[in-house]
Amino acid sequence: LTADNRPDVVWLHNAECTGCSESILRTVEPYIDALILDYISLNYHETIMAAAGHAAEKALWDTVNAGNFVAVIEGGVPTAPAGTANEPGGHGKVGGHTMLSNTTKVIEAASATITYGTCAAYGGVQKAAPNPTGTKGVGELFPGKPVINVPGCPPNPFSLIGTIVMFVSNQNIELDDVGRPAKFYGETVHDNCPRQEFFDNDQFAPSFGSEEARKGWCLRKLGCRGPETYNNCSTVKFNQYNWPVQAGHPCIGCSQPDFWDGADWDGET
Ligand code: SF4
Ligand code: SF4
Ligand code: F3S
């Protein structure tokens, strides 16, 4: 990509914690300044754009009305209460309009939609029972729209930038059965975990901070869901430096749909 053919990008924030934006700010290949100045034209992003108020709204809708842009969605979309035909949804408003209304208009006009984070992809923590805001992931909400999911809580920015590069360079993006690019989500966390030799030898750390945990024993008995979780944490790492299991915390399955409620791990190995 060059400065001449940077794709226009609109980044929406819905019901979320902004951890996904925090993760993209820490990208290292390229750094965030190069990403938004040299690789993409980030026309709208509520937390890092210079514009505010009406100028920010104008930047959003000018891009949407021009078409030919990539929508990146962060956060699940609240659908309750029902609202009206012109203004569906109720919880969560930006610029005086509901998140559901804004997201619908943006996705209808976008050339491609990428969800960044498990909230946007599958609803995330906002969708956890009893889900009083009726939050849904983008794919569930717009079943007819092609959506590329880059989940994680947060995801690795490597996966988002790689997906954007594959899209704008017209590469075939093979998706798995929950809409994730196989290139970044084709293996489980467990497949490449450095603690795997201990898993194979039935050596399981008995407690957090134990001598065994520090020596690298497997965290499965402490709740690790790495064998059921598809993500590239163990190979790409965050900031190319560390990731949960290396730091001594079990994988909680954050790139899997409904990981908050779907605690299907039963402690078996
Ligand atoms: Fe925050 Fe996780 Fe949702 Fe990203 S996916 S916005 S990190 S809760
Ligand atoms: Fe697998 Fe988790 Fe054990 Fe690593 S710590 S080997 S991912 S079960
Ligand atoms: Fe998430 Fe597990 Fe990676 S919790 S960050 S998928 S190690």
Side-chain angles (χ1 to χ4, degrees), residues 11-26 45-47 72-78 92 99 114-128 135-138 149-160 178 180 184-185 187-206 208 210 212-239 241-260 262-263 265-269:
W11 185 304
L12 290 190
H13 289 72
N14 291 313
E16 41 86 339
C17 78
T18 313
C20 289
S21 285
E22 290 284 350
S23 83
I24 198 70
L25 290 175
R26 285 156 185 78
H45 185 297
E46 287 149 20
T47 50
V72 177
I73 311 295
E74 178 176 356
V77 186
M99 291 173 172
I114 300 172
T115 63
Y116 190 53
T118 301
C119 292
Y122 313 122
V125 61
Q126 283 68 231
K127 193 186 170 190
T135 290
K136 295 182 178 180
V138 168
N149 290 330
V150 181
C153 189
N156 197 306
F158 177 89
S159 303
L160 176 61
V178 287
R180 300 173 294 201
F184 308 111
Y185 296 88
E187 295 181 302
T188 68
V189 164
H190 176 79
D191 285 334
N192 299 292
C193 180
R195 296 181 189 260
Q196 201 184 100
E197 64 174 286
F198 297 98
F199 176 97
D200 293 340
N201 291 328
D202 285 340
Q203 291 175 298
F204 301 104
F208 293 106
S210 62
E212 292 88 346
R214 278 196 292 275
K215 285 197 292 195
W217 287 30
C218 175
L219 305 178
R220 183 67 165 171
K221 299 291 187 186
L222 298 176
C224 186
R225 298 177 71 190
E228 297 85 21
T229 302
Y230 288 83
N231 206 344
N232 56 8
C233 315
S234 46
T235 49
V236 175
K237 301 185 178 181
F238 286 85
N239 303 338
Y241 183 71
N242 209 342
W243 62 290
V245 171
Q246 182 179 327
H249 195 288
C251 171
I252 60 172
C254 79
S255 56
Q256 295 299 118
D258 300 328
F259 78 101
W260 283 91
W265 178 83
D266 59 7
E268 298 302 314
T269 56

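Just so it is clear, the model here is predicted, and its values are computed rather than measured. Side chains are part of it too, since the values below use all heavy atoms of this structure and drop only hydrogens, waters and symmetry mates. For ligands, and for the atoms within them, numbers begin at 1 and follow the listed sequence.
- Between Cys251 and Pro244 the shortest side-chain heavy-atom distance does not fall below 4.5 Å.
- Under a 4.0 Å criterion applied to the non-hydrogen atoms of Trp243, ligand 3 contributes the atoms 7 (S).
- Residue-ligand proximity, Gly253 to ligand 3, at heavy-atom distances under 4.0 Å covers atoms 4 (S).
- Using a 4.5 Å cut-off on side-chain heavy atoms (C-beta onward), His13 and His45 make contact.
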*Passes side chain to side chain contact (heavy atoms under 4.5 Å, CB included), Phe184 versus Val236? Steps please.*
CA-CA 9 Å; Phe184 308 111; Val236 175; over 6 Å; no

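- By the criterion of a heavy-atom distance under 4.0 Å, neither the backbone nor the side chain of Ser234 is placed next to ligand 2.
- Atom numbering of ligand 3 starts at 1 in the shown order; those under 4.0 Å from a heavy atom of Thr229 are 6 (S).
- Ligand 1 places these atoms under 4.0 Å from at least one heavy atom of Gly152: 5 (S).
- Close contacts of ligand 1 with Pro154, meaning ligand atoms under 4.0 Å from a residue heavy atom, involve 7 (S).
- The nearest N, O or S atom of Cys17 is not closer to atom 4 (Fe) of ligand 1 than 2.8 Å.
- Every atom of ligand 1 is numbered from 1 in the order shown, and the set under 4.0 Å from a heavy atom of Thr118 is 5 (S).
- Across Pro250, Cys233, Cys224, Gly152, heavy-atom proximity to atom 5 (S) of ligand 3 is greatest for Cys233.
- A heavy-atom separation below 4.0 Å is not found between Cys153 and ligand 3.
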*Could you walk me through whether Trp217 and Phe199 pass side chain to side chain contact (heavy atoms under 4.5 Å, CB included), step by step?*
CA-CA 7 Å; Trp217 287 30; Phe199 176 97; over 6 Å; no

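- Looking at atom 8 (S) of ligand 2, its nearest protein heavy atom turns out to be Cys218 SG, 3.5 Å.
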*In sequence, state the C-alpha distance, the side-chain angles, and the governing distance for Trp243 and Val189, and then conclude on side chain to side chain contact (heavy atoms under 4.5 Å, CB included).*
CA-CA 10 Å; Trp243 62 290; Val189 164; 3.4 Å; yes

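- Taking every non-hydrogen atom of Leu219 and a distance limit under 4.0 Å, the qualifying atoms of ligand 2 come out as 3 (Fe), 5 (S).
- Residues Thr115 and Pro151 are not in side-chain contact: their nearest non-hydrogen atoms beyond the backbone lie 4.5 Å or more apart.
- Under a 4.0 Å criterion applied to the non-hydrogen atoms of Phe238, ligand 3 contributes the atoms 5 (S).
- Under a 4.0 Å criterion applied to the non-hydrogen atoms of Gly19, ligand 1 contributes the atoms 1 (Fe), 7 (S).
- Scanning the protein heavy atoms around atom 1 (Fe) of ligand 3, the nearest turns out to be Cys254 SG, 2.3 Å.
- With a 6.0 Å radius and a threshold of 12 heavy atoms from other residues, nucleotides or ligands, Tyr230 has its OH atom at or below the threshold.
- Nearest protein heavy-atom contact of atom 1 (Fe) of ligand 2 is His190 ND1, 2.2 Å.
- In the vicinity of Cys119, heavy-atom distances shorter than 4.0 Å reach the ligand 1 atoms 3 (Fe), 5 (S), 8 (S).
- Closest to atom 2 (Fe) of ligand 1, if we only count protein heavy atoms, is Cys153 SG, 2.3 Å.
- Using a 4.0 Å cut-off between charged side-chain N and carboxylate O, Glu228 and Arg220 make a salt bridge.
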*asked:* Under the criterion side chain to side chain contact (heavy atoms under 4.5 Å, CB included), I'd like the reasoning laid out for His190 against Arg225: C-alpha separation, chi angles, the key distance, then a yes or no.
replied: CA-CA 8 Å; His190 176 79; Arg225 298 177 71 190; over 6 Å; no

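- Residue Arg195 approaches ligand 2 through these ligand atoms, each under 4.0 Å from one of its heavy atoms: 4 (Fe), 5 (S), 6 (S).
- Atoms CG and CG, from Asn231 and Asn156 in turn, are 7.5 Å apart once rounded to the nearest 0.5 Å.
- Taking 4.0 Å as the cut-off, Cys251 does not count as a neighbour of ligand 2 on heavy-atom distance.
- Thr18 places a side-chain heavy atom less than 4.5 Å from the side chain of Glu74.
- Within the 3.5 Å criterion, the main-chain N or O of Leu12 finds no donor-acceptor partner in the side chain of Glu46.
- For the atom pair Cys119 SG and Lys127 NZ, the distance stands at 11.5 Å (nearest 0.5 Å).
- What sits closest to atom 6 (S) of ligand 3 on the protein, heavy atoms only, is Asn231 ND2, 3.5 Å.
- Here the side chains of Val178 and Asn149 are not in contact, with every heavy-atom distance at 4.5 Å or above.
- Of all atoms in ligand 2, numbered sequentially from 1 with element shown, those under 4.0 Å from a heavy atom of Gln196 are 6 (S).
- The neighbour count for Phe198 CZ, taken as heavy atoms of other residues, nucleotides or ligands under 6.0 Å away, is above 12.
- With hydrogens left out, the protein atom closest to atom 2 (Fe) of ligand 3 is Cys251 SG, 2.3 Å, a heavy atom.
- Looking only at protein heavy atoms, the nearest one to atom 4 (Fe) of ligand 1 is Cys20 SG, 2.2 Å.
- Under a 4.0 Å heavy-atom criterion, Ile252 is in contact with ligand 3.
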